[in-house]
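Okay, so here's the structure we're looking at.
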Amino acid sequence: MRIRGAVLETIAAPAPFAESRPITVCDLELAAPGPGELLVRIEAAGLCHSDLSVVDGNRVRPVPMLLGHEAAGIVESIGDGVTDLAVGQRVVMTFLPRCGECAGCASGGCTPCTPGSVANNAGELLGGGRRLHRDGAEVHHHLGVSGFATHAVVDRRSVVPVDDDVPPEVAAVLGCAVLTGGGALLNAAKPGRGDRIMVVGLGGVGMAAVLVAVSLGLGEVIAVDTVPEKLRLAEEFGASAAYTPAEVAERGIVAEVVVEAAGNVRAFETAVAATAPGGVTVTVGLPAPTATATISPLALVAQGRTIIGSYLGSAVPDRDIPEYVRRWRAGTLPLERLVSARIGLDQVNQAMDDLAAGAALRQVIVFD
């Protein structure tokens, strides 16, 4: 079938992207779903730093690639062997499929699925190969989703169904921002009553972590960022206090649980330094592969502190997404507040500039 999507043509084009235009919105051919796959009409897709990191070259992926890894839509057709979903169902698309058989899948979310990671790195679906073509040439999939398009063919293991009452934009942010930010707390840190929770880096993932932390109602929630508007928003979202990294250092502010969600070295070092004795630092940000940080091993030993790396919030999407939906439905997790802008597909290059400038929380491409 003929679809329209946003294809990254070249990596590390010069900014601003609105001028260099590394992403082309164009027509493509999408094959029918194969065994174990679905055709999904995309309703909404969120822009995440993981998309930007491919555009700016921090995470090298094969091109041309149809971008987008955080999306939601309606099932339009089903391949052979899929018996637990129906045409017309809304699904959340998640960027790390789980085969259910490897050692990573047996870890309960602590480590990624090995075949899923291999497929993602190759720009393929979990079942192997690509379903996208342009002018007869293959186009790579982005993390098994490629959600910046009118339609996508995805592996059944890349989606989680949700009820019709979950709006498309809420369903979309469940697939990455909420799984990652919320999972850093629920799956990795597992804070207890009275624990202070600090979130360093208030993009979509970090602000999702703030919302989940507030919903837990365990103790103070402290938000940290360099952008004053994001600090203001965090307090509106229920944070007990909001500070710049400099203020955290100057005042000696610490927390039992600290989540780093910025994906840069200075944020990671800030998070580690602000972790209280006996506390845990959870890092979910994705800095450049060459980035290195400086920490004190003695402080870890002498103060009994722990550092945990958490990919996709150590999530098992089938297990975790229903829990976030339950909290949203109960009114304790207002995920709509994560959406800072609704844009059209043709605005994607400018949207990457806004994301890089820290001027956006979660921009969501909305499809009619």
Side-chain angles (χ1 to χ4, degrees), residues 1-13 17 21-40 42 45-71 73 79 91-99 102 104-105 112-159 172 175-176 179-180 286 288-289 311-312 317 345 348-349 352 365:
M1 68 178 293
R2 200 78 166 166
I3 68 169
R4 191 159 181 80
V7 176
L8 179 64
E9 309 285 2
T10 184
I11 287 175
F17 303 124
R21 304 192 70 79
I23 304 169
T24 301
V25 177
C26 59
D27 292 337
L28 303 97
E29 291 294 331
L30 180 64
E37 295 175 352
L38 312 166
L39 171 66
V40 178
I42 306 298
L47 273 75
C48 174
H49 268 88
S50 293
D51 301 303
L52 176 62
S53 68
V54 180
V55 176
D56 66 17
N58 275 329
R59 313 292 290 184
V60 176
R61 300 284 184 185
V63 293
M65 172 174 281
L66 203 168
L67 290 175
H69 68 281
E70 179 188 87
V91 292
V92 175
M93 304 162 85
T94 66
F95 70 83
L96 182 63
R98 288 194 171 273
C99 71
C102 69
C105 288
C113 168
T114 300
S117 298
V118 170
N120 283 355
N121 289 335
E124 299 183 348
L125 298 186
L126 183 55
R130 302 167 187 86
R131 310 294 177 265
L132 292 162
H133 292 81
R134 182 178 59 180
D135 300 327
E138 286 188 328
V139 174
H140 299 282
H141 296 271
H142 186 206
L143 300 178
V145 175
S146 289
F148 292 174
T150 55
H151 295 77
V153 165
V154 295
D155 193 281
R156 166 63 184 90
R157 293 164 289 186
S158 289
V159 306
C176 175
L179 276 181
T180 304
L286 293 173
Y311 189 65
L312 186 58
L345 186 62
V348 65
N349 282 295
M352 291 295 173
I365 300 170

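Keep in mind it's a predicted model, so treat the numbers as computed, not measured.
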Which value, rounded to the nearest 0.5 Å, describes the distance between His140 atom NE2 and Leu8 atom CG? 10.5 Å
Can you measure from OG1 (Thr94) to CG (Leu312) and round to the nearest 0.5 angstrom? 7.0 Å
Is Glu29 salt-bridged to Arg2, going by a charged N under 4.0 Å from an acidic O? yes
Any chance the side chains of His141 and Arg130 put a donor and an acceptor closer than 3.5 Å? no
Begin with the C-alpha distance, continue with both residues' side-chain angles, and end with the deciding distance and a verdict on side-chain contact (heavy atoms from CB on, under 4.5 Å) for Arg61 and Leu143. CA-CA 10 Å; Arg61 300 284 184 185; Leu143 300 178; 3.4 Å; yes
Applying ring-ring contact (aromatic ring centres under 6.0 Å, His included), can you list everything that pairs with His69, at least two apart in sequence or on another chain? Phe95, His142
Only counting residues at least two apart or in another chain, list the ones meeting salt bridge (Lys or Arg N to Asp or Glu O under 4.0 Å) with Arg4. Asp27
How far does CD1 of Ile23 sit from CZ of Phe148, to the nearest 0.5 angstrom? 7.5 Å
How would you list, by chain and number, every residue that makes a ring-ring contact (aromatic ring centres under 6.0 Å, His included) with Phe17, sequence neighbours excluded? none
Listed partners of Asp155 passing side chain to side chain donor-acceptor pair (under 3.5 Å), at least two apart: Arg157
Test of understanding: with side chain to side chain donor-acceptor pair (under 3.5 Å), list the residues that count as partners of Thr24, not counting sequence neighbours. Glu9
Where the side chain of Ser53 meets the backbone of Arg59, is there a donor-acceptor pair that is under 3.5 Å apart? no
Flag side-chain contact, heavy atom, 4.5 Å: Asn58 against Leu286: no
Listed partners of Arg98 passing side chain to side chain donor-acceptor pair (under 3.5 Å), at least two apart: none
